[in-house]
Amino acid sequence: MKKPDDMKLIVKGKRLDGRKLDEIRPVKIEAGVLGRAIGSAYVEVGGTKVIAGVHGPRGVYPKYLEKQGRAILRVKYSMAPFSVNDRKRPGPDRRSVELSKMIKHALEPVIFFDEFPQLSIDLFVEVIQADAGTRAASIVAASVALADAGIPMRALVSSCAAGKIEGKIVLDLDGPEDNYGQADLPVAVIDGTEEISLLQLDGELNEKELKEAVQLAVSGCRVIHDKQKEALRRRYQ
Ligand code: UDP
């Protein structure tokens with residue numbers, strides 16, 4: 001989206017919401033927020049609010065999707081009609097299909113699928129308010145919901161975006177920054193490793209900027225990861 005000429009996203013080294021360039025928005029995570037799902041989590045990153053719920057492991061329908069000797073993960077990301085300024089048309093669209101796939105790929109490397117042959121782990125993520133970074137918040141919520149459901153995993157997955165606005169690399173873009181910025185780079189990291197399970201780039205970065213942005217996003221993932229662990233500890237205290 002083209003930025004109005006008189007609009008400044010950085011003023012005296014601070015962003016429009018008062019954050020420093022390398023500062024993440026306030027993060028709130030709660031595990032076990034739903035009574036009917038086997039595992040669930042609520043995540044708030046600034047104005048972005050998502051809720052994730054898990055069903056299963058359970059039988060796979062339709063049956064042809066069943067995998068011999070291992071479970072499958074099915075992910076459905078959706079945005080509530082009231083989550084954005086212009087009412088979002090309910091139901092799946094190309095973007096939600098793509099994001100469901102990205103979330104699935106980001107989480108699959110940590111799940112021990114062999115423990116539940118022929119079953120399905122079904123994960124639903126609902127965006128109830130969107131202010132950029134919904135895929136990152138979805139991965140964060142999904143990871144906590146899976147842990148809350150007792151799904152065996154080798155680690156949690158954390159996620160955060162970095163990006164470029166007015167020529168500067170910044171952490172965790174909000175809505176106006178995402179709309180009027182030059183690049184958005186969501187990253188997901190498998191905790192305790194250097195492994196990145198999601199890296200997308202919307203916009204343009206040169207090699208130096210890309211390295212800087214990945215490093216910054218990874219540092220955001222560490223902050224998120226501590227909050228994920230705290231949420232799970234609180235749940236089981
Ligand atoms: N957005 C919107 N309407 C839509 C889709 C997206 O207003 O139908 C906004 C929303 O704030 C979202 C942002 O655009 O968070 C950026 O969307 P993007 O596809 O880049 O994914 P995200 O950053 O949410 O992972």
Side-chain angles (χ1 to χ4, degrees), residues 1-4 7 9 15-17 19 21 23-29 41-52 75-107 123-145 157-166 169-189 196-205 209-210 213-214 216-218 220-221 223-224 227-228:
M1 207 180 281
K2 188 164 170 4
K3 185 161 69 84
M7 185 180 193
L9 293 170
R15 295 150 76 178
L16 289 186
D17 61 1
R19 279 186 292 157
L21 302 188
E23 196 175 333
I24 196 167
R25 290 175 286 178
V27 179
K28 188 175 151 191
I29 306 180
Y42 171 73
V43 169
E44 229 177 76
V45 181
T48 288
K49 302 176 184 192
V50 307
I51 198 154
V75 177
K76 186 164 178 285
Y77 162 103
S78 36
M79 273 179 130
F82 51 76
S83 64
V84 289
N85 287 333
D86 302 318
R87 174 182 174 274
K88 150 111 185 30
R89 243 180 99 209
D93 51 24
R94 281 176 58 158
R95 179 177 172 275
S96 63
V97 172
E98 184 212 321
L99 264 68
S100 301
K101 257 194 156 156
M102 297 318 305
I103 296 165
K104 176 174 146 79
H105 287 316
L107 295 165
L123 172 69
F124 303 90
V125 186
E126 298 289 331
V127 176
I128 52 183
Q129 187 171 291
D131 188 29
T134 64
R135 81 195 66 200
S138 298
I139 291 166
V140 175
S143 185
V144 174
V157 181
S158 309
S159 184
C160 189
K164 183 175 163 187
I165 57 171
E166 289 177 6
I169 301 300
V170 298
L171 183 60
D172 183 31
L173 305 186
D174 65 12
E177 292 174 338
D178 187 273
N179 279 339
Y180 302 122
Q182 295 147 298
D184 181 27
L185 179 101
V187 169
V189 175
I196 287 179
S197 63
L198 168 86
L199 194 145
Q200 288 183 290
L201 173 61
D202 182 13
E204 282 181 24
L205 294 175
E209 290 169 336
L210 178 66
V214 170
L216 194 56
V218 169
C221 290
V223 174
I224 297 263
K227 302 265 183 192
Q228 288 174 299

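Counting begins at 1 with the first residue of the sequence. Read the numbers this way: they start at 1 and go in the same order the structure lists the ligands and their atoms.
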Discussion item. Return the closest protein heavy atom for atom 24 (O) of ligand 1 as residue, atom name and distance.
Written reply: T134 OG1, 2.6 Å
Worksheet item: Say you draw a straight line from CE of M102 to OG of S197; how long is it, rounded to the nearest 0.5 Å?
Response: 9.0 Å
Practice prompt. Report the nearest protein non-hydrogen atom to atom 20 (O) of ligand 1: residue, atom name, distance rounded to 0.1 Å.
Written response: R135 NH2, 3.7 Å
Practice prompt. Measure from the side-chain N and O atoms of S96 to the backbone N and O of D93, and report whether any donor-acceptor pair falls under 3.5 Å.
Written response: yes
Fill in: Side chains of V125 and L99 in contact at under 4.5 Å (non-hydrogen atoms)
no
Item to complete: Would you mind reporting whether L107 and S143 have side-chain heavy atoms less than 4.5 Å apart?
Response: yes
Discussion item. Could you measure the distance from the CG atom of D131 to the OG atom of S83? Nearest 0.5 Å is fine.
Written reply: 11.0 Å
Worksheet item: Looking at side-chain heavy atoms only, is the closest gap between I165 and Y180 below 4.5 Å?
Response: no
Fill in: Side-chain donor-acceptor pair present, E209, Q182, cut-off under 3.5 Å
no
Worksheet entry | Contact atoms of ligand 1, heavy-atom distance to A130 under 4.0 Å | 10 (C), 11 (O), 15 (O)
Worksheet item: Where on N85 is there a heavy atom closer than 4.0 Å to ligand 1, on the side chain, on the backbone, on both, or on neither?
Response: neither
Worksheet item: Does atom 14 (O) of ligand 1 have a protein non-hydrogen atom under 4.0 Å from it?
Response: no
Worksheet item: Are G133 and ligand 1 in contact, using a heavy-atom cut-off of under 4.0 Å?
Response: yes
Worksheet item: Does an N or O anywhere in D202 fall below 3.5 Å from an N or O of ligand 1?
Response: no
Discussion item. For atom 9 (C) of ligand 1, is there a protein heavy atom at a distance under 4.0 Å?
Written reply: no
Discussion item. Can you confirm whether L185 sits close enough to L210 that some side-chain heavy atom of one is under 4.5 Å from a side-chain heavy atom of the other?
Written reply: yes
Discussion item. Checking a contact table here: which protein heavy atom is nearest atom 4 (C) of ligand 1, and how many Å away?
Written reply: M79 SD, 4.2 Å
Worksheet item: Can A132 be said to touch ligand 1, with heavy atoms closer than 4.0 Å?
Response: yes
Discussion item. I'd like to check whether R95 has a polar contact with ligand 1, where a contact means an N/O of the residue lying under 3.5 Å from an N/O of the ligand.
Written reply: yes
Worksheet, complete the sentence: Of all protein heavy atoms, the one nearest atom 16 (C) of ligand 1 is D178 OD1, 3.5 Å
Fill in: Worked verdict on R135 versus E98 for salt bridge (Lys or Arg N to Asp or Glu O under 4.0 Å)
CA-CA 10 Å; R135 81 195 66 200; E98 184 212 321; 3.8 Å; yes
Practice prompt. Quick one: look at V84 and ligand 1, take heavy-atom pairs under 4.0 Å, and tell me if it's side chain, backbone, both or neither.
Written response: side chain
